[in-house]
Every structure is written in C-alpha cells, then in structure tokens.
Amino acid sequence: MVEPIHFPDIELYRGWGEPMRANIEMRGLELISGAIPDGLEGALYRCGADRQYPSGRTDDIFIDGEGQVHMLRFKDNQVDYVVKWVETERYKRQKEARRGLFGGYRNRYTVDESVKDVHLGTANTTAMFHAGHLYALKEDDLPYEIDPETLETIARVDFDGQVTAESLTAHPKVDPITNELLTFSYQAKGDATTDFCFYVFGPNREKVTEIWFNMPYAACVHDFAITKDWVVVPFFPLITDLDVVKQGGPFYQWHPDQPVHVALVPRYGKAEDIRWFKGPTGSAGHMMNAYQDGTKIHLDLCYYEGNCFPFFTTPTGERTKFVPPFLTRMTFDLASNEDGFTTQRLLNIPCEMPRTDDRYQGRPYRYGFAIARGKDASGIARVDHQTGAVDVWNPGEGDGVQEPQFVPRSPDAPEGDGWLLVLVSRVSKNRSDLAILDAQNLAAGPVALLKLPVRVRSTFHGTWVPEETLQSGQYRMSLSSAA
Ligand code: V55
Ligand code: FE
C-alpha cells in the first residue's frame, strides 16, 4: 500500500504553478501567425523543475523539484516540442517508491532513510551542449548526459574521471568560437565546504585547466563570468551553515553583515595569481557578461542591493525585504593596489535572466537581452550598451515570458543580428506559445508565433544548438568581420 498523492495548497502549486508531472511529445506545433525564418534549424534545449511527487513539506521552493529537459526542435519549417523527466538517481528512487523521498531543498538530513546515500541532484536548471554531448545540470551534482534526439537520460557523468569535484555549476560557458567549456564547482568537496574548483575543457572535452582555491565563506555561487584572460567569480553572503542543515534547516542563510567578495581567477594560470576584491553587501543570481578594457575588468550583472532570495532568511530567522534587480556594472582595476571596486547602474528597469549573443561572452559587447519587469517596460528587452536604447516586447496583459534565447542569423552574422526564441506564458489560456522575435526589432512583435497547447510551467535556462552542431558536435561560429 502506498499513500494517495496530495500536493500541499501553497502558492507555488496554484494556478500556473500546478505541477504537470508529464513527459510530452508533440510533433509539429501549430503556427498561429507569421512564418518560421528560413534556415532556422537546430534545437532549443531548456531545463526546468516540476514535481514528481509531493515532498511531504509545505516549504518547497521554486528552484527545487525534479528536472525536465524541454526540446524545441526546428527542422524543415516545423517545430517539435518534447519534454522528458531527467531520470536522475533521485527520480528513479521516487518512481519506484511511488512517493516523494527527498525532503527539503538540498538537505540530505531530511531525506527518507532508504535514500540517505543517493545523490540529491535534480538536473533542473539548464541544458548544456559541448563536444557532441548534451547534459542537464544542477549546481549541487554532476551533469546528467541526455540523448539529444530522444531526451532519454544516459548517465550521471564525471567526464571520464576528469572531474573530481562533487558537482558542476548550472551556468557553464561554452564558447561557440573556440568550443572550450569553462565551468566550476563550489562547495566542491561537499555541503558547506569552502572548496572551489575552476575547470577549462577543450573542444574534445579534454581537461586543459584545473584551479582549486578556497572561498571566503561557504557561499552559493550560482553563476560566474569570463573574459579573455580572467574569470570573474563573485561570492555573495548566502551562506551554508552545516549545523543548521543538520538540524533540518534551510541550506542557505542571508548574512547582511558580510561583504561581497570577488575573485579574478587567471583563466590559464594558478591559484597564487588570483586577485581578490571586496565591496558592500548585495547579491545576484545571474551575470550578463564581462570583458577586459585595458587594466580594467567590467562585470555586468542583475544586481540586488540585498538578498536575491528572500525565501532564505537571516540566521535569526528574519525575512529580508524585497529589492528589485538592476543591471549593474562592477569594475575591477587590476592596476590598483586597493581591493575595492566601483558599481554603476546601467539600466533603471528591473530585469532578470540576462543573456547575450553568446559569441560575445567574455568579449567587448554591445547587446544584452533580459526579462524586464518595469512598470512601463515589461516583457523581453534588449539593451544597447552603445546608445543606452532599450527595445521591449510586451507579450500582452497578464502574460509572462521566460528567459530569451538568442540565435544568430548565420554563423558570422553581426553581433545581435538574428532571432530571440521566447516561451510565452498565456496565463489566462492556461497554455504557452513559442515566440520568434527579430532580435533587432523586438517592439515589432514576433515574426512567428507557434502554439503550445500545454503549459510550459517553468524553465530556468537553456541553450541553442544549430543543426550543423547537432551533426558535427562542434560549433562553427565566428565574430562578425563587420564588428
Ligand atoms: C539558483 C537557481 C537554482 C538553484 C540555486 O537562480 C540558485 C539561482 C534553479 O536552481 O538551485
Ligand atoms: Fe540560473
């Protein structure tokens, strides 16, 4: 006998958030308007969290839950939509038990006795394609490899033993020009450890760089940024206290008394050559980009002047007040003997889920894309760092958008010349759309709109893999000669 299934009546699971719990396979989405651009062939892979079974708790948070891989496969003027659960160790154990077994977010002291040695990774955060392999990622575990056509789960992988860290980030940077993978692990030797490891893998997944160092505290390091010679790793004071976790408490607590630390790690160098910077408290989930400018390094990020995750309280249990994220530039001067940095707000509209034309990750760049959440500007936005202009597409009253994906018009198109693929939440219709926008003219509205006759409940991040890359395993993109 197993218990009947009841999800708790909490905000997270009401309305749009109601768990979907399904694999889906839809061949040929209905075209609502416009036309799919010629030559737009490849796959958009995204990951999201759903709930396989109730956890038995009422404090579930949106970043938790079993991972699903979503694929929007563009081929021969049609788009297919396929969703599959990632068959993680945890997913398989719950499927067998026919109930939730894994307790609270990342807390191994709250799991069922029968699974206390099972890896906790949910593979719910992003999809990555590198060296011919597709993966679903969660930052507290190793990658799960996924079949790029069927979305079947192949295995939890450590790159043939090359990764000794216990986890890899869900915000790796795959350089579509060099085919390098830059990635890292934080709390790399287990919960609450301060070990950090930065890795570079070459175009055939061979390890090129491995740099270990210690973080100033057991931080949540959700994202980082890269430049030509450095990687920028910010540490914000969302900190893991192992004693609290052992008592069944939250995995992170917000420490407003602690500064932000930033490590500039030499991309091909050694831990001894890391440069450290410090500033007033604040936090961010996501970086837009970074680049070198003489002796300076600029980091553009969606910055909160406080706690970006209000569901994580202070050590004394206080909830912090909501602060909106603003696109902010932090500048670090390598020539300076001081360890401070400057900050400058780039845009006065709250925004999150920042992206770029990924050929320009780590390089001087002009265009950024994000979800805008301003009173007068909400929807998908493009910011032009050269002119300061903002171009916005609003999907309609009450509707929402998920993180945009830029696709260059051709492998050597000028920066930002191409399309944005956007999942649109048609909240009142209880279904989604896929919008294809001209990335140079968002306000004009979609060049094509395809109907998803189901809710795409929530996806966090994803990646575009061109048809040729699906076939060859390598990206063959270049910077525009016009740039
Ligand atoms: C984040 C997301 C996560 C997570 C920790 O956006 C931090 C930040 C989607 O999962 O586990
Ligand atoms: Fe993220």
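Residue indices begin at 1 and follow the sequence shown. For ligands, and for the atoms within them, numbers begin at 1 and follow the listed sequence.
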- Under 3.5 Å side-chain donor-acceptor pair for Lys84 and Asn23: no

- Note on the structure: Per residue His171, nearest N, O or S atom to the Fe ion (ligand 2) is named NE2

- Item | Identified ring-ring contact (aromatic ring centres under 6.0 Å, His included) counterpart of Trp464 within the set Phe74, Phe406, Tyr475, Phe129 | Phe74

- Partners meeting salt bridge (Lys or Arg N to Asp or Glu O under 4.0 Å) with Lys207 (sequence neighbours left out): Glu210

- Going by distance alone, is a donor N or O of one side chain under 3.5 Å from an acceptor N or O of the other, for Asp60 and Thr58? no

- Under 6.0 Å from the six-membered ring centre of Trp85 and within 45° of its axis: does the NZ or CZ of Lys95 meet both? no

- Under 4.0 Å from ligand 1, residues with heavy atoms, in chain and number order, are Ile63, Tyr105, Asn124, Thr125, Lys138, Glu139, His222, His286, Phe309, Phe460

- State plainly whether the residues Glu66 and Arg51 are in salt-bridge range, i.e. N to O under 4.0 Å. no

